[in-house]
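Structure record follows, encoded as structure tokens.
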Amino acid sequence: MFQVTKKEQFVHIQFNYLKGNLIDLQFVQHFFDTLNNLDDSTRIVVIEGAPHFCVGMNLDTLHDMKVSEVETLFSIYEQLLHKIENLPFITIAKMTGFAMGAGAELALACDFRWMEQKAKIGFPGVNVGFAYNTKRLPNLIPRYIAKRLVLTGSTLTSTEALHYGIADKVVSKNQMEEELHSFALSFMDKSPTAIQYAKAAFCEMDPSRAMALSIQTKHYQEGAAAFLEKRKPCWK
């Protein structure tokens with residue numbers, strides 16, 4: 001279900017579950033296990049679903065569940081998204097096919113979103129009768145645009161997603177691997193400790209505290225010394 005491949009620049013997590021990577025409790029549990037088993041030295045993770053990134057919740061399963069069971073599933077899924085947001089390293093959603101509803105929210109929980117030209121992202125909750133109101137879209141783009149997309153149940157092309165600021169990059173399928181490798185490589189000269197605290201400042205940690213903690217680390221001492229000595233820093 002989840003395949004983890006360690007490459008030179010990053011760790012690649014690819015999942016292929018049911019039709020379109022439908023989300024249910026088993027999917028969420030496997031995702032948790034995969035993240036918990038990552039090596040402590042991990043610096044960048046690329047998350048990809050094949051052939052579709054993730055088409056959202058398994059409506060067949062939801063239809064047969066009690067309201068309390070549905071609420072529990074969404075609560076556990078939100079815990080997974082929260083974990084992804086707070087991972088101490090860079091996460092990149094490599095988006096092929098469709099990312100819909102809760103699957104779109106999975107992409108939004110990552111630090112960056114790279115879309116193949118034919119990929120699409122959508123928020124179709126109102127079209128299927130329930131209000132999955134994205135928590136992350138209003139933090140990424142202007143609130144009035146996020147509201148418009150959710151209330152209309154819009155599905156966006158990669159070009160439209162890039163225009164709105166939802167996608168960070170749109171790349172052809174043939175160029176995706178090469179350009180994504182290059183992008184991942186660009187983080188190799190940056191302090192992983194500084195990245196950890198910089199991310200924390202965008203999540204739950206006060207920015208002032210994040211800065212104070214970061215300047216107490218050996219990476220700050222090494223980075224400052226390297227800058228003054230006009231050399232590349234050596235991050236250990």
Side-chain angles (χ1 to χ4, degrees), residues 1-4 10-18 20-40 42-50 52-95 98-113 121-125 128 130-141 146 150 166 192 195-207 209-210:
M1 181 190 297
F2 281 72
Q3 180 178 347
V4 179
F10 56 82
V11 174
H12 183 223
I13 297 176
Q14 184 178 62
F15 40 86
N16 192 337
Y17 179 65
L18 298 179
N21 293 306
L22 290 166
I23 300 167
D24 57 16
L25 186 57
Q26 186 177 4
F27 176 91
V28 176
Q29 290 174 334
H30 275 282
F31 215 138
F32 267 119
D33 291 341
T34 300
L35 294 177
N36 290 334
N37 288 328
L38 291 176
D39 191 273
D40 290 339
T42 301
R43 296 184 61 178
I44 303 164
V45 168
V46 174
I47 298 174
E48 177 183 7
H52 296 285
F53 183 77
C54 182
V55 297
M57 286 288 173
N58 189 336
L59 296 183
D60 285 339
T61 300
L62 292 184
H63 185 267
D64 296 328
M65 295 170 66
K66 298 178 181 179
V67 172
S68 60
E69 293 174 330
V70 174
E71 291 176 337
T72 298
L73 173 58
F74 273 91
S75 176
I76 296 173
Y77 185 58
E78 178 58 33
Q79 292 174 33
L80 172 65
L81 299 179
H82 183 268
K83 181 179 181 66
I84 292 172
E85 284 180 312
N86 287 272
L87 289 171
F89 43 75
I90 297 294
T91 56
I92 305 170
K94 179 186 175 185
M95 301 170 66
F98 285 92
M100 306 296 288
E105 196 77 349
L106 173 58
L108 298 182
C110 295
D111 298 316
F112 299 96
R113 282 152 297 283
I121 185 169
F123 310 92
V128 292
F130 72 100
Y132 183 71
N133 193 3
T134 168
K135 298 179 180 180
R136 291 161 182 84
L137 193 60
N139 295 328
L140 189 65
I141 64 176
V150 170
I166 297 172
I195 285 176
Q196 176 182 350
Y197 283 116
K199 284 190 61 173
F202 279 100
C203 294
E204 298 180 343
M205 186 178 291
D206 178 78
R209 175 165 173 75

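Positions are given from 1 along the sequence.
Here side chain to side chain donor-acceptor pair (under 3.5 Å) pairs that include residues 59-76, with residues two or more places apart or in two chains, are Asn58-Thr61. Applying the side chain to side chain donor-acceptor pair (under 3.5 Å) test to every pair with at least one member in residues 76-85, sequence neighbours left out, gives these pairs: Asn36-Lys83, Glu78-Arg136, His82-Asn86, His82-Glu204, Glu85-Arg136.
With a 4.5 Å cut-off on side-chain heavy atoms, Asp111 and Leu87 do not count as touching. With a 4.5 Å cut-off on side-chain heavy atoms, Met100 and Ile121 do not count as touching. Side-chain contact between Leu35 and Val45: absent, with no pair of heavy atoms (C-beta onward) separated by less than 4.5 Å. Looking only at side-chain heavy atoms (C-beta outward), Phe74 and Leu62 come within less than 4.5 Å of each other. Residues Ile90 and Phe112 have side chains in contact (heavy-atom distance under 4.5 Å, counting atoms from C-beta outward). Side-chain contact between Val11 and Asp39 is absent, with no heavy atoms from C-beta onward closer than 4.5 Å.
Atom CD1 in Ile13 sits 8.5 Å away from atom OG1 in Thr42 (nearest 0.5 Å). Within the model, atoms CD1 of Ile44 and OG1 of Thr91 stand 10.5 Å from one another, a figure rounded to the nearest 0.5 Å. For the atom pair SG (Cys54) and CD (Glu105), the distance works out to 11.0 Å, reported to the nearest 0.5 Å. Atom CD in Gln3 sits 6.0 Å away from atom CD in Gln14 (nearest 0.5 Å).
Applying the ring pair (Phe, Tyr, Trp, His ring centres under 6.0 Å) test to Phe32 and every residue at least two apart in sequence or in another chain returns nothing. Among residues two or more places apart in sequence or in another chain, the side-chain contact (heavy atoms from CB on, under 4.5 Å) test is passed with Val46 by Phe10, His12, Ile92, Lys94, Leu180. The side-chain contact (heavy atoms from CB on, under 4.5 Å) search around Gln196 returns Pro88, not counting sequence neighbours. For Thr34, the side-chain hydrogen bond (donor to acceptor under 3.5 Å, both in side chains) test picks out no residue, with sequence neighbours left out. Taking the ring pair (Phe, Tyr, Trp, His ring centres under 6.0 Å) definition, one finds that Phe89 meets it with nothing, sequence neighbours left out. Residues meeting the side-chain contact (heavy atoms from CB on, under 4.5 Å) test with Ile141, sequence neighbours left out: Leu137, Ile145, Ala146, Leu149, Ile166. Residues meeting the side-chain contact (heavy atoms from CB on, under 4.5 Å) test with Gln26, sequence neighbours left out: Met1, Tyr17, Asp24, His30.
Across Leu18 and Leu22, no two heavy atoms sit closer than the pair CD1-CB, 4.2 Å. The two residues Ala104 and Ala99 come nearest to each other via the heavy atoms CB-O, 3.7 Å. The nearest pair of heavy atoms linking Ile47 to Cys110 is CD1-SG, 3.9 Å. Pairing each heavy atom of Phe53 with each of Gly103, the nearest pair is CE2-O, 3.6 Å. When every heavy atom of Met57 is checked against every heavy atom of Leu73, the shortest pair comes out as SD-CD2, 4.0 Å. Across Asn21 and His52, no two heavy atoms sit closer than the pair ND2-O, 2.7 Å.
Checked against the 6.0 Å centroid threshold, Phe2 and Phe31 count as a close aromatic pair.
Under a 3.5 Å cut-off, the side chain of Arg113 and the backbone N or O of Ala107 do form a donor-acceptor pair.
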